[in-house]
There are 2 protein chains.
Amino acid sequence: MPTPPGRKPRKAAPARQPLSQDLIVDTAIRVLDAEGLEAATMRRVAQELGTGAASLYAHVSGKEELRELMLDRVAGEVRLPVPDPARWQEQLKELAMETHRVLTSHRDIAQVSIGLIPTGSNLLSVAEAQLALMRAGGVPPRIAALAVDTLGMFVDADAIEGTIYSARLNGGAEAMEKFIHYLGEIRDFFKALPADRYPNVVAMADELTETGGDARFEFGLDILIRGIASYVDAPEPS
Amino acid sequence: MPTPPGRKPRKAAPARQPLSQDLIVDTAIRVLDAEGLEAATMRRVAQELGTGAASLYAHVSGKEELRELMLDRVAGEVRLPVPDPARWQEQLKELAMETHRVLTSHRDIAQVSIGLIPTGSNLLSVAEAQLALMRAGGVPPRIAALAVDTLGMFVDADAIEGTIYSARLNGGAEAMEKFIHYLGEIRDFFKALPADRYPNVVAMADELTETGGDARFEFGLDILIRGIASYVDAPEPS
DNA sequence: ACCTGAACACCGTTCAAGT
DNA sequence: ACCTGAACACCGTTCAAGT
């Protein structure tokens, strides 16, 4: 069939943007934010871009690399402090909370972070900022290096803990309600346990099933930073 | 064809054990230990049992429940202390290390533990033991409840950290070598970074890429328990 | 160089049918 | 009640073929 007059011969149907690593990561994060990490598959991201999964492999080595690129893009949202040596403990806590906030604002992306040595430029900037704060505060290098790992692990773990249920459910405001309801069921379950085998679990059922909100995270953070600070001008651990 | 004389008419070909939840969990853990969590799929476990995946659904509600049952079975291997109030901090540390040891001896099973509220009987026994130690030591209930969460998170996170690479590789002794080699590459990468943007990462490249072994884990544990102990006979945090 | 369709070797879960 | 095969709707990755 010849093209009828007045109709442009189609070149690229919907004038799609050409593929690029940035575009792929953008799209993957959109899917992540909307439906969680599990939904951000190669095939799904490709479909969102109007192509097939095979096309992504020209820009990304595979699923694992895409996930790491997503995490590093997200890490770019973390606002870094200007070190003030007098306030290093406070600033370290704030940075951990800011990182936690950014991670949890992107569903279960923290899943990618745990057990990953940071190599992306934004992830490295966060690590650099943590190290700078501790060095300014006089924390010995070996302790500071260990503390970066420990703090990162703690932030990741709590971020995962907080998103695992809401990520599994459909998300949205009703997810929170469902979680509260689930916690109530757990509390009743704990209270119904045999008191001779689990006396403390039964007795502390209420305390164990309090959402805590950010309090639990801050509690852990406080004792971690307290511990780090205890090595300032002190001998290293044997 | 009639059955030839002297040959028993086949009833159940290899006289297979009938399916049961225990048998399914046993088999799943065998696959886990041999090839890691990712390999322990419904289909794979069923195949190992000489049947189809659909057959498992009569004994287990799905993949998630199977994983939780696997974790609880593994938790049964944790040796629990007899509380000695005078040594509660030491015993709490030992219990955390024992849990860590058991988890890491089953590949990446810790992945299942993080972000899961314990409901299995063995998991509850571990939590009960932790609570008993802290209560014996005079830790206030609210702090003890928070500390169970925090300690569990920390143990899980470090167990994941330690197994993530070996689990991804084929496992075995050469996995460790490969990991050491990978760490060396990361160290070189850190040292090659622009020193103006990442001065501390460059300067501390060696410290940041030390395997640390169990030292890092113990470091975190020490400061966590130190922090918990600081709430004994002290006012609760606001 | 980049993109594609098709294929390969997998997933978890459901369901009608069998015993 | 328990088990099964087949089907459904997915995965990640590879590869020969196209432009």
Side-chain angles (χ1 to χ4, degrees), chain A residues 9-28 31-32 34-71 107-108 111-112 116 164 167-170, chain B residues 9-29 31-32 34-71 107-108 111-112 164 167-170:
Chain A
R10 52 170 65 195
K11 305 169 200 180
R16 250 182 33 232
Q17 284 177 76
L19 284 182
S20 71
Q21 197 176 77
D22 273 358
L23 181 61
I24 291 170
V25 174
D26 279 350
T27 309
V31 177
L32 164 74
E35 297 170 46
L37 188 64
E38 229 179 27
T41 63
M42 293 283 131
R43 289 178 112 106
R44 176 61 195 286
V45 171
Q47 179 198 291
E48 215 75 21
L49 287 162
T51 182
S55 301
L56 306 185
Y57 286 80
H59 303 95
V60 142
S61 71
K63 186 199 186 180
E64 217 56 42
E65 188 177 303
L66 175 58
R67 287 184 165 202
E68 290 178 25
L69 291 168
M70 289 165 73
L71 176 66
R107 299 286 200 122
D108 43 352
Q111 213 102 227
V112 179
L116 186 84
I164 201 117
R168 210 168 291 191
L169 307 172
N170 46 353
Chain B
R10 51 168 68 193
K11 304 169 198 178
R16 247 183 34 234
Q17 284 178 76
L19 285 180
S20 71
Q21 197 177 79
D22 272 358
L23 181 61
I24 291 170
V25 174
D26 279 349
T27 309
I29 288 182
V31 177
L32 165 74
E35 298 170 46
L37 188 64
E38 230 178 28
T41 64
M42 293 283 131
R43 289 177 111 107
R44 176 63 195 285
V45 171
Q47 179 197 291
E48 214 74 20
L49 286 162
T51 183
S55 302
L56 306 185
Y57 285 81
H59 303 94
V60 142
S61 72
K63 186 198 186 181
E64 216 57 42
E65 188 177 302
L66 175 56
R67 288 185 163 200
E68 291 178 25
L69 291 168
M70 290 165 71
L71 176 67
R107 300 285 200 125
D108 43 350
Q111 211 102 226
V112 179
I164 202 119
R168 210 168 290 189
L169 307 173
N170 47 351

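In what follows, every heavy atom counts, from backbone to side chain, and hydrogens, waters and symmetry copies are set aside. Each chain gets a letter, A, B and so on, in the order its sequence line appears, and its residues count up from 1. This is a predicted model, so every value here is computed, not measured.
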Review point. Within the pair A:Thr51 and C:dC3, is there a side-chain N or O less than 4.0 Å away from OP1 or OP2?
Key: no

Point to revise | Distance (rounded to the nearest 0.5 Å) between B:Arg67 CZ and B:Leu32 CG | key: 9.5 Å

Review point. Rounded to the Å, how far apart are A:Glu38 CD and C:dG12 C1'?
Key: 11 Å

What donor-acceptor contacts under 3.5 angstrom involve side-chain atoms of residues 19-26 of chain A, with partners at least two apart or in another chain?
| from | atom 1 | to | atom 2 | distance (Å) |
| --- | --- | --- | --- | --- |
| A:Ser20 | OG | A:Leu23 | N | 3.1 |
| A:Gln21 | NE2 | A:His59 | O | 2.9 |
| A:Asp26 | OD1 | A:Arg73 | NH2 | 2.5 |

Review point. Under the side-chain hydrogen bond (donor to acceptor under 3.5 Å, both in side chains) test, which residues partner B:Thr27, sequence neighbours left out?
Key: none

Revision key, fill the gap. Which of C:dC3, D:dC11, C:dC11 is nearest the side chain of A:Thr41? It is D:dC11

Point to revise | Spacing between B:Gln47 atom CD and C:dG12 atom C1', to the nearest angstrom | key: 15 Å

Exercise for review: Hey, could you give me the NZ/CG distance between B:Lys63 and B:Leu66, rounded to the nearest 0.5 Å?
Suggested key: 10.0 Å

Point to revise | Protein-nucleotide distance (A:Glu65, atom CD; D:dG12, atom P), rounded to Å | key: 15 Å

Study note, to complete from the structure: Between CG of B:Leu49 and P of D:dC2 the distance, given in whole Å, is 16 Å

Practice item. Take nucleotides 13-19 of chain C nucleotide by nucleotide from the 5' end and write B, S or -, depending on whether a protein heavy atom sits under 4.0 Å from the base, only from the sugar-phosphate, or from neither. Key: BBB----

Exercise for review: Determine the Euclidean distance between corresponding P atoms of C:dC10 and D:dA9; express it in Å to zero decimal places.
Suggested key: 22 Å

Check your understanding: Under 4.0 Å: is that the gap between some side-chain N or O of A:His59 and OP1 or OP2 of C:dA1?
Key -> no

Point to revise | B:Glu65: partners by side-chain hydrogen bond (donor to acceptor under 3.5 Å, both in side chains), with sequence neighbours left out | key: B:Ser61

Practice item. To the nearest Å, give me how far apart CD (A:Gln21) and C1' (C:dC3) are. Key: 17 Å

Review point. A:Leu23 has an atom CG; how far is it from atom P of C:dC2, in whole Å?
Key: 14 Å

Could you give the side-chain donor-acceptor pairs of residues 38-45 of chain B under 3.5 Å, partners two or more places apart or in another chain?
| from | atom 1 | to | atom 2 | distance (Å) |
| --- | --- | --- | --- | --- |
| B:Thr41 | OG1 | B:Arg44 | N | 3.0 |
| B:Arg44 | NE | B:Glu48 | OE1 | 3.1 |
| B:Arg44 | NH1 | B:Glu35 | OE1 | 3.0 |
| B:Arg44 | NH1 | B:Glu35 | OE2 | 3.3 |
| B:Arg44 | NH2 | B:Glu35 | OE2 | 2.9 |
| B:Arg44 | NH2 | B:Glu48 | OE1 | 3.4 |

Review point. Can you tell me which stems DNA chain C forms when a stem means 3 or more consecutive Watson-Crick or G-U pairs under 3.5 Å?
Key: C:4-8 with D:12-16, C:12-16 with D:4-8

Point to revise | Separation of D:dA1 C1' from B:Leu19 CG (nearest whole Å) | key: 13 Å

Review point. Just how far, in rounded Å, is P of D:dC11 from CG of A:Leu37?
Key: 13 Å

